[in-house]
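Notes to accompany the following structure.
Since this is a predicted model, take the numbers as computed values, not measurements.
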Amino acid sequence: MVGYKESALRLKVIISVEDAIKRIDGNSYEFYVSTPQGTAYVKVERPAGRRAYIRTVPDRTQKDNLLSLPQCK
């Protein structure tokens, strides 16, 4: 699941990873992780022979910033 803030009126929206991938692919949404250290944008990875998944674009580290976030509820 992917959670995001859509607007001041809709503070928390939760969608599936598959839906997030469709929105990123369609260029209708851009997702990112914001921390005190900076912003890391989310991209779609497509490894050969495996399902597509999302991860952050490497910033100062190769670590995927999504893995450090709490689970959406």
Side-chain angles (χ1 to χ4, degrees):
M1 301 310 280
V2 176
Y4 66 95
K5 179 180 176 180
E6 187 170 72
S7 68
L9 298 176
R10 217 169 153 195
L11 294 179
K12 188 175 183 182
V13 178
I14 298 176
I15 60 174
S16 68
V17 172
E18 291 79 13
D19 196 21
I21 289 171
K22 288 178 190 172
R23 291 177 187 209
I24 294 168
D25 285 345
N27 293 319
S28 59
Y29 281 78
E30 187 172 63
F31 294 93
Y32 62 90
V33 176
S34 186
T35 69
Q37 291 75 33
T39 300
Y41 287 88
V42 176
K43 67 177 183 172
V44 178
E45 289 284 341
R46 291 187 168 77
R50 294 181 35 209
R51 287 178 64 177
Y53 66 93
I54 56 174
R55 67 161 291 145
T56 54
V57 175
D59 45 12
R60 291 183 206 106
T61 175
Q62 292 297 313
K63 181 177 142 188
D64 185 352
N65 300 72
L66 294 178
L67 298 175
S68 64
L69 295 175
Q71 186 72 26
C72 290
K73 295 179 183 181

Next item on the list: Please answer: with hydrophobic residues joined when any side-chain heavy atoms are less than 4.5 Å apart, are Y53 and V57 in the same cluster?
Entry: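 Result: no, two separate clusters.
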
Notebook entry, point to check: How about V17 and I54: do any of their side-chain heavy atoms sit closer than 4.5 Å?
Noted result: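 Answer yes - side chains close enough.
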
Nearest 0.5 Å please: distance from the [atom1] atom of [X] over to the [atom2] atom of [Y].
X	Y	atom1	atom2	result
Y29	I15	OH	CD1	7.5 Å
I14	D19	CD1	CG	12.5 Å
F31	R23	CZ	CZ	6.0 Å

Next item on the list: Mind listing the closest non-hydrogen atom pair of T39 and Y32 along with its distance?
Entry: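 Looks like CG2-CD1, 3.6 Å.
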
Notebook entry, point to check: When you check the gap from the basic side-chain N to the acidic O, do R51 and E45 get nearer than 4.0 Å?
Noted result: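 Salt bridge between R51 and E45, a charged N being under 4.0 Å from a carboxylate O: no.
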
Checklist line | Residues K43, D25: salt bridge by 4.0 Å N-O rule | finding: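 Result for this pair is no, no salt bridge flagged.
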
